[in-house]
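Data first, discussion second: the structure below is written as structure tokens.
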There are 2 protein chains.
Amino acid sequence: MLPYTPEQGTLADIATHRLAHSIVTGEIAQGQKLNEAELAERFGMGRGPLREALRHLEGMRLVKRIPNVGARVVILDHKTLSDLYAVREALEGMACRIAATQMTDAEIEQLRTLLDSHEKQIRKQGGKVYAQKEGDLDFHYQIARGSRNQMLMDLLGSEQYQLLRMCRYRTSRNAERTGPALQQHRQIVEALAQRDGELAEMLMRRHIQGAWQSIDEMIEKEEAA
Amino acid sequence: MLPYTPEQGTLADIATHRLAHSIVTGEIAQGQKLNEAELAERFGMGRGPLREALRHLEGMRLVKRIPNVGARVVILDHKTLSDLYAVREALEGMACRIAATQMTDAEIEQLRTLLDSHEKQIRKQGGKVYAQKEGDLDFHYQIARGSRNQMLMDLLGSEQYQLLRMCRYRTSRNAERTGPALQQHRQIVEALAQRDGELAEMLMRRHIQGAWQSIDEMIEKEEAA
DNA sequence: TTTTTACATATTGTCGACAATCGGAGTTAA
DNA sequence: TTAACTCCGATTGTCGACAATATGTAAAAA
């Protein structure tokens, strides 16, 4: 589910959220054509609101539209993912740097608590890997919030970063990295607690580079097979 | 004008570009209400395409929409600008770092040529400051292109960064910084030529910090008066 | 057989009208 | 005088139908 799941509001917003969910979870395949009339009927609405939803999804980079031809779900190829992670590295690094000066002690303590619960979840193991993944997103989003920068929050939060969640669903099988990731998260929190923005930024950037490296290897293994 | 100004294509796209232009140049004031019916008639189209344009502009962060209430032009207050420059620093820094490894020698040479023409324009002085400003945007965009990262190009290019152009129009009067800015640009190009991504990133980030500082002071002077 | 052209079909783009909702003017009561 | 309430006008949200455009097929020419 999306961070906030309004099955209310305008029909266009409902369509946006339902489609975004379907796309992110892979329920609608990458590259699939999105037929306006068909979707409108499935959602029980006219084509007007649905078209607005498609425009919105285009802004989220979840679909690509071509005039007079139609909309298709984006294809997360290797290059796109690589580009995404470079942007993430830049933005989340900056968020971290600012958060080190802006977050309250209480918020940093909350981060520690969040990581504790992650650790428990990992110990219990078997449990959904997805949960950890979404929890990881939570960690990153909490830091974005800590930056007090609305634009960063938008870019790293629900509106713009559904692409990342989509990627997570696609690569959710590699659970082996949760261990090192957790430790890196802890290092980052300590840097925040010491109010060392420069260090926090560096650690976050390394963390994301590591995550990309892990995903990159996995994709290449897949493509070899 | 926009980098590409299609007065063709779908009506929604035309409306998007015309409105974006009017908003960026200040022809439509910040915070002004955008009446659908009125604009639709002014542009000689129905409300459907215009609504899609508003959605698109919302994605560009040029307008803010509230359900059942309507759309207003965003207000570029101090906090918003500050947030914008932090994001710019992160993204353009990253673009610079990558460009140092990805740009061809020919492209770097082109950058030098671009800066030469900027210098001439500044010498001729009186000439439009705007031209320099847009030229500056060119410089930054060329580097974004040099990163070969489509997402960075989108975020720093025409689609997402109209906000920045809007800011430029608002603060275009302070021409005194063109001198140091040019010198910093030259330093950046040299770092690129040496293929030193780390240095190029650092210089770009400082450059943008300096630009923000300059704008920040200017705004405070304005608000004092 | 291959290429090109013309056509038929499906899909997108656009419009005008109607329904739902919000903001404000005016009224009434405390 | 102030507060809350009610109603009305204006604006947004939605729908269905029609026009414009692209895609795929089949026939005709090379």
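Sequence lines set the chain letters: A, B, ... in the order given, protein chains first and strands last, and positions in each chain run from 1.
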Rounded to whole Å, please give me the gap between [atom1] in [X] and [atom2] in [N].
| X | N | atom1 | atom2 | answer |
| --- | --- | --- | --- | --- |
| A:Arg55 | D:dG13 | CZ | C1' | 18 Å |
| B:Arg72 | D:dT11 | CZ | P | 12 Å |
| A:Leu11 | C:dT21 | CG | P | 11 Å |
| B:Glu41 | C:dA17 | CD | P | 13 Å |
| A:Ile66 | C:dT11 | CD1 | P | 16 Å |
| A:Glu52 | D:dT14 | CD | C1' | 10 Å |
| B:Glu58 | D:dG13 | CD | P | 10 Å |
| B:Glu36 | C:dA20 | CD | C1' | 14 Å |

Of the listed nucleotides ([options]), which one gets closest to any side-chain atom of [X]?
| X | options | answer |
| --- | --- | --- |
| B:Arg65 | D:dG13, C:dC15, C:dT12 | D:dG13 |
| B:Asn35 | D:dT12, D:dG13, C:dG13 | D:dT12 |
| A:Pro49 | C:dG23, C:dG13, D:dC15 | D:dC15 |

### Task
Could you check whether B:Gly70 gets within reach of a base, just the sugar-phosphate, or nothing at all, counting any heavy atom under 4.0 Å?
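Contact class for B:Gly70: sugar-phosphate only.
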### Query
For A:Leu34, which contact category applies under a 4.0 Å heavy-atom criterion: base, sugar-phosphate, or nothing?
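Sugar-phosphate: the residue A:Leu34, judged by heavy atoms under 4.0 Å, touches backbone atoms but no base.
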### Straight-line distance of A:Asp13 CG to A:Glu52 CD, nearest 0.5 Å
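The distance works out to 8.5 Å.
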### Heavy-atom check, side chain of A:Gln30 versus side chain of A:Leu76, under 4.5 Å
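A side-chain contact exists here, since the closest heavy-atom pair is under 4.5 Å.
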Between [X] and [N], does any side-chain N or O lie under 4.0 Å from OP1 or OP2?
| X | N | result |
| --- | --- | --- |
| B:Asn68 | D:dT12 | no |
| A:Arg51 | C:dG13 | yes |
| A:Lys33 | C:dT12 | yes |

### Query
How far apart are the closest heavy atoms of A:Ile188 and A:Cys96, and which atoms are they?
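Looking at all heavy atoms of both residues, the shortest contact is CG2-SG, 3.7 Å.
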### Message
Let's go through A:Gln142 and A:Asp138 carefully: what are the C-alpha distance in whole Å and the side-chain angles of both, what is the deciding distance for side-chain hydrogen bond (donor to acceptor under 3.5 Å, both in side chains) to 0.1 Å, and is it a yes or a no?
### Response
CA-CA 6 Å; A:Gln142 287 309 316; A:Asp138 268 354; 5.5 Å; no
### Query
Hey, which of these two, B:Arg47 or A:Val69, hits DNA chain D nearer its 5' end, going by closest nucleotide?
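The residue mapped nearer the 5' terminus is B:Arg47.
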### Task
Taking the six-membered ring for Trp and the full ring for Phe, Tyr or His, determine whether the centres of B:His207 and B:His140 are under 6.0 Å apart.
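Yes, the ring of B:His207 comes within the 6.0 Å limit of the ring of B:His140, centre to centre.
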